[in-house]
Novice: 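Pasting a structure below so you can have a look.
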Amino acid sequence: MILKLSFIIFFLNASSLAQTAEEIITKAENAIKGKTAKGFVSMTVKTPDYERTLKMENWWIGNEKALIVIKSPKKEAGNKTLKIGNEMWNYLRNTGTTIKIPPSMMLQSWNGSDFTNDDLVRESNLNEDYFIRLIGSEAVEGNNCWKIELTPKPDAPVVWGKLEYWVSKQEILPVRVNYYDENSKLVRHMLFSENKKFSGRIIPSRWMMINDLKKDHITSFILEDMAFDVVISDNIFSFRELERGD
Amino acid sequence: MEIIRSENLDKIYKDNWVPVQALKNINLTVKKGDYMVIAGPSGSGKTTLLNLLGALDKPTSGKIFFEGADISKKTVKELSGLRLNKLGFIFQAYNLIPVLSAIENIEFSLMLLGKPEALRRKLSLNALRDLGIEELANKRPNEMSGGQQQRVAVARAIVNDPSVVLADEPTANLDTATGSNLLDLMDEMNRSKNITFLFSSHDPQVIERARILIRLRDGQIESVQTK
Amino acid sequence: MTKNLLINLAWRNIWRNKRRSAVVLSSIIVGVAATISMDGLTNGMTYQMLFNQINLGTSHIQIHKTGYTDNRLVKNFIQGELQLKADILRLPGVKAVSERVVTFGLVSSAESSAGIYVYGVDHKAEKRVSAISGLIKEGNYLSGAEREVVVGYELANKLNAGLGNKIILMANDPSGKIHSDVFRISGLFESFSSGFDKSYIFVNSDDLQNMLGLGNSYHELAIIVAEPSLAESLKSEIRSAVGSDFEVKTYRDILPILVMQIDLSRESMWIVNMIIGIALVFGIINVMLMTVIERIREFGVLMAIGFSTGKLFSLILLEALIIGLSGTIIGLVITGLIHIPFSYTGIDFSWFSEGLVSLGVGAVIYPVVSYQTVLLTIIMTPMIAVAGAIYPAIKAIRLQPVAAIRHY
Amino acid sequence: MNLIMKLAWRNIWRNKRRSALTMAAISFAVMAAVSMRGLQIGTYELNIDNSVSIYSGYIQIQHPDYYASPSLSHSFNPDKKLISYINTNPHIIAFSRRINADGLISSGENTFGAMLTGIQPDAELKVTTMLDKVNDGEIFIRPDTYDILVGYKLLQNLKVRIGDEIIILAQGLDGSMGNDRFRITGTIKTGAEEFDAYGVLVGIETLQEMLYMHNRVTALTIRLDDVNNLNIVSDELKPAAGLNSVLTWGNLMPELRDAIALDNISGILFLLILFLIVAFGIINTILMSVIERFNEFGVNLAIGMPHYKLVLVVFAETVLITITALAFGNILGFAINYYIVLNPIQFSGDIANLYLEYGFLPEMRSSLQISMFIQTSVITLIISLLSAIYPCVKLYKLEPLKGIRYT
């Protein structure tokens, strides 16, 4: 018991005193993603032409595997997206079929959002692909934050020239991420807000992706219910599961 | 009455390798009613002199007065008008416009003068009648003999009642009888109508009829005979 | 009377009336110059289209795995172990061979992405096969360094990426798995074809083979031969050497429409030349006729002194032939003097049509005169001149000597 | 003037042979120019008509941004005013509504990208020929069924047969993933590789429902009575189309437009050279005929005819000869063109097959376009008059004496 307690104290010290930039990023990312995650999310896509909301149930195992099942609106309910590694399949409830997304369609928007199919597949491991450097402290939306710069490693297959990542010092949670191209032009940014408690963990519940090149293209996610680091059976990421209509 | 007078005319041709003095110090006067022949062997300068007097060519030095006016001061256009109004020409060949009939050829210069049609017709028919070739009125030059063509040329030359008619070897391409007929006609016109004629020729028939005969040799006046 | 005398007479007649001869001569010179320049420009245009296509990568002969043309899949590769390249290089007439890894893929930058054809090439071999290395407008062609990519200006603009910027390339391997890798733009090229500049990129074959797990396999062997005309015979030679596992195609098979257009325009050149020839005949008949009429008197004298009608006929035709030959030679020399500098500098037609560039011709046309046309001109033009003199010559020999002498 | 015309007219008749030859040369050039040009223009029209008729149509009305960025969000709802305007325009034979969308077509293992085109079959039959290009199977009739036609290569690639069911997936106007099951009733073969490998024809109402388009379309495609009315109609349509853009076939098929432009260059080059030779023939003829008459002209000048009148006579001769030649040349050219219009030149053998394979018609046709005759005639007349300048300058400088003495 003492041992356990002292362990925790040691950990707390480490986190508040001698954090490296890598550790901050890892913590922030792990906080919102977990090793595994499942939950209900609603996605609102706003473009000059339309605005719509999808409600979805998700299962994630890291960046490796994911299953997304659409719950509403009615006409799309039951549609599923399965991601395994670099590949993607769509299950269409309406026609009861599974379609593997061919490479030529990877750049199509995923369900009308600001994300392409490719964005979902390629969601990379920040520690692996970037050099991470703490460059200062800054207040963002009233939060005292670390400002961390991530520059891609030479061989990393990421399109960005640079990321700027703000992590709140208090909760060690992501607050804002800026995505730049190689010429340091801001291409898009993501805002995290409305911290909520899900299964004992406080994380931002509203994630907003704002396109800085195309006006009025915003995709926001609202986490309605989340559970992290729960045991998820590998069976869920199978074709049989995919094609099982609910 | 004096029509043409020349003063110290010189003409030197420089187009050749060696400049040629075609005429030298020519002084002569053509009066109204004259029947003058400029005669001389080939190359004596008679055609050159005729061309100068007919305002077709310009002298190298000296002056030509036409009805008292110095023609060297006239423009090309004025010379053209002068030839049209005051001069009649008869050449040895290519005299008529091949595409026009005899009467049209005669009318041609009247047309250029802008005379009304009725008058043109009348004057042309008169001219044809004077030369006794009314029956040729509607023939084209290629349908006529050389003598007939030259008669039409004479008719054209006189139709406008010119101050002087210049004829350059008019008989050169005609046989003796035809030439003689043509000359008789012109002689008759000179006498009856007092038309002034100025010839250049070495044809004895022409020289024989001359009332004033000017002989040229090597570009100079050798003699002037008045009959 | 000897033949020499006739020639002598004809020659002197030509020189006696320089103006008349010059008029006929000028007609012929213009005709020769026009025919040859027309041929030069048309050929220049069509050859340039073909040449440009061949240079952009079509090459003279391509070898693929059987079935590749119908379905351009990554899995239809040629195994590197077969050493086809070495075998083909040994064939006489083959100048250069390049192994190419070809696949369809996606490139993306932070701002945009596009579907493109990726060519993985060995930069040394490829330089001898395609002209892309000569079209680099900024930066350098592939040097063999890792993760280089050469892209067209149009694509770079679309991606909003410049020299030194990175792009991500994504493509699937033979098993269908998707791989992505990062490349840096080392050079920007600009060809005459905006379509090409938009949709082709070039990387080192090692990088692409690694990315797609192809080992040393590739998809395409591009072959340049010493003379394009050798392509067809080499094709059958290669085909029997490599067997039915491979498709062997020449540029004629790969660019059928273009080749057909060139053949068709070559065919139509005959019609064009014929029309020009007839137009020329009219001009020559007219002038010859007038010169005959001018000389009726002279012919009358010739006939009066006992020149036979046959000889007179020959004399007129001989004069026409001499003028025709001289006109052809002078015309050729003048055309040559104009043509030769232009065939190096080219003629800029951009003022005439913007379309030329997008059609794969290029705005500057380098005239190419075909020896067939020159030969045809040399043979036909004097014949046209003689043909133009026949009718006037017939007119001349029908003359009655006395009437002719009287004529003036 | 009367005198000048008379002289000119008689001069022409005086030397009938020379005049006739000059006329023949000019007539021949006009005839050659008109028939070559006719063949070119006619074949262009044929190719345009053929290519345009397959898919794009002569004119399309689109949302102003669709051309630059073809997405469903740049679709539009054609209003009644526009439709009734199109219905009443006398040059418009028919129009059809279209939706173009990118999608996926899938049969079990095989999934490919597809170019979806939503059509009204009955209207489309009147506007384009794509439904005539059915290779196999049959067309569907109603715009609201789940029947489709696919490119013949796509059918092969999908490894399915006519009558089989496939799935189409496409993102709708609202961003949702529309998907439905369709039955393939037949295949199309147009010769255009893109269409044959990726083209899918769907009933427009089905597609509108699947993609949440309501009554929106991405294009109205219009067929004209005559390609020559293109500019008139497109100008007339602009006010009715309002903010939407009116695009002509040249915008829709720039490659075809450029290919024709290129061919046109060599055609014009040919005409230039033909006219150059004819111009030389005319210069020489006039020059000779003037020089031949120097003696005669000399006499005229000597008796007082002004130079300019002589020059006018020569110009009048040129004009008369040219006009007569133009009449002959145009009549001959018209006859040739008329014959080729009625009996197009058909290719045969390999070339014909190759043409057909790539969707071209293996034939050449001519044209009777009036403007072509007028242009050729005007150019010929101008060239003739220009050709007369040099001889006339010589004539203008002629001194009477030199003329008379000229040998």
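Within every chain, numbering begins at 1; the chains are lettered A, B, ... in the order of the sequence lines, protein sequences first and strands thereafter. Keep in mind that this is a model prediction, so the values were computed, not measured.
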Novice: Scan for salt bridge (Lys or Arg N to Asp or Glu O under 4.0 Å) pairs involving residues 19-42 of chain D, sequence neighbours excluded, and state none if there are none.
Specialist: none
Novice: Can you confirm whether more than 12 heavy atoms, excluding those of Phe275(D), are under 6.0 Å from its CZ atom?
Specialist: yes
Novice: Considering only heavy atoms and a distance below 4.5 Å, find which of Leu276(D), Thr22(D), Asn15(D) pairs most often with chain C.
Specialist: Thr22(D)
Novice: Within a reach of under 6.0 Å around CZ of Phe347(D), are more than 12 heavy atoms found that belong to other residues, nucleotides or ligands?
Specialist: yes
Novice: Looking at Phe328(D), I'd like to know if its CZ atom is crowded, meaning that more than 12 non-hydrogen atoms belonging to other residues, nucleotides or ligands lie closer than 6.0 Å.
Specialist: no
Novice: Picking from Gly31(C), Ser26(C), Ser37(C), which has the most non-hydrogen pairs under 4.5 angstrom with chain D?
Specialist: Ser26(C)
Novice: I'd like to know whether Phe282(C) forms a side chain to side chain contact (heavy atoms under 4.5 Å, CB included) with Val278(D), so could you lay out the CA-CA distance, the side-chain angles of the two residues, the decisive distance to 0.1 Å, and finally the verdict.
Specialist: CA-CA 9 Å; Phe282(C) 278 112; Val278(D) 172; over 6 Å; no
Novice: Heavy-atom distance under 4.5 Å to chain C: side chain of Phe270(D), backbone, both or neither?
Specialist: both
Novice: Working to the nearest 0.5 Å, report the span between CG of Leu272(D) and CG of Leu41(C).
Specialist: 10.5 Å
Novice: Which region of Ile282(D), side chain (C-beta onward) or backbone (N, CA, C, O), has a non-hydrogen atom less than 4.5 Å from a non-hydrogen atom of chain C, or is it both or neither?
Specialist: neither
Novice: Quick check on Tyr152(D): does its OH atom have over 12 non-hydrogen neighbours (other residues, nucleotides or ligands) under 6.0 Å away?
Specialist: yes
Novice: Roughly how far, to the nearest 0.5 Å, is CD1 of Ile278(C) from CD1 of Ile277(D)?
Specialist: 11.5 Å
Novice: Under the ring-ring contact (aromatic ring centres under 6.0 Å, His included) test, which residues partner Phe280(D), sequence neighbours left out?
Specialist: none
Novice: Ala29(D) versus chain C, heavy atoms under 4.5 Å apart: side chain, backbone, both or neither?
Specialist: neither
Novice: Give, for atom CD1 of Ile273(D) and atom CG of Asp39(C), the distance between the pair rounded to the nearest 0.5 Å.
Specialist: 9.5 Å
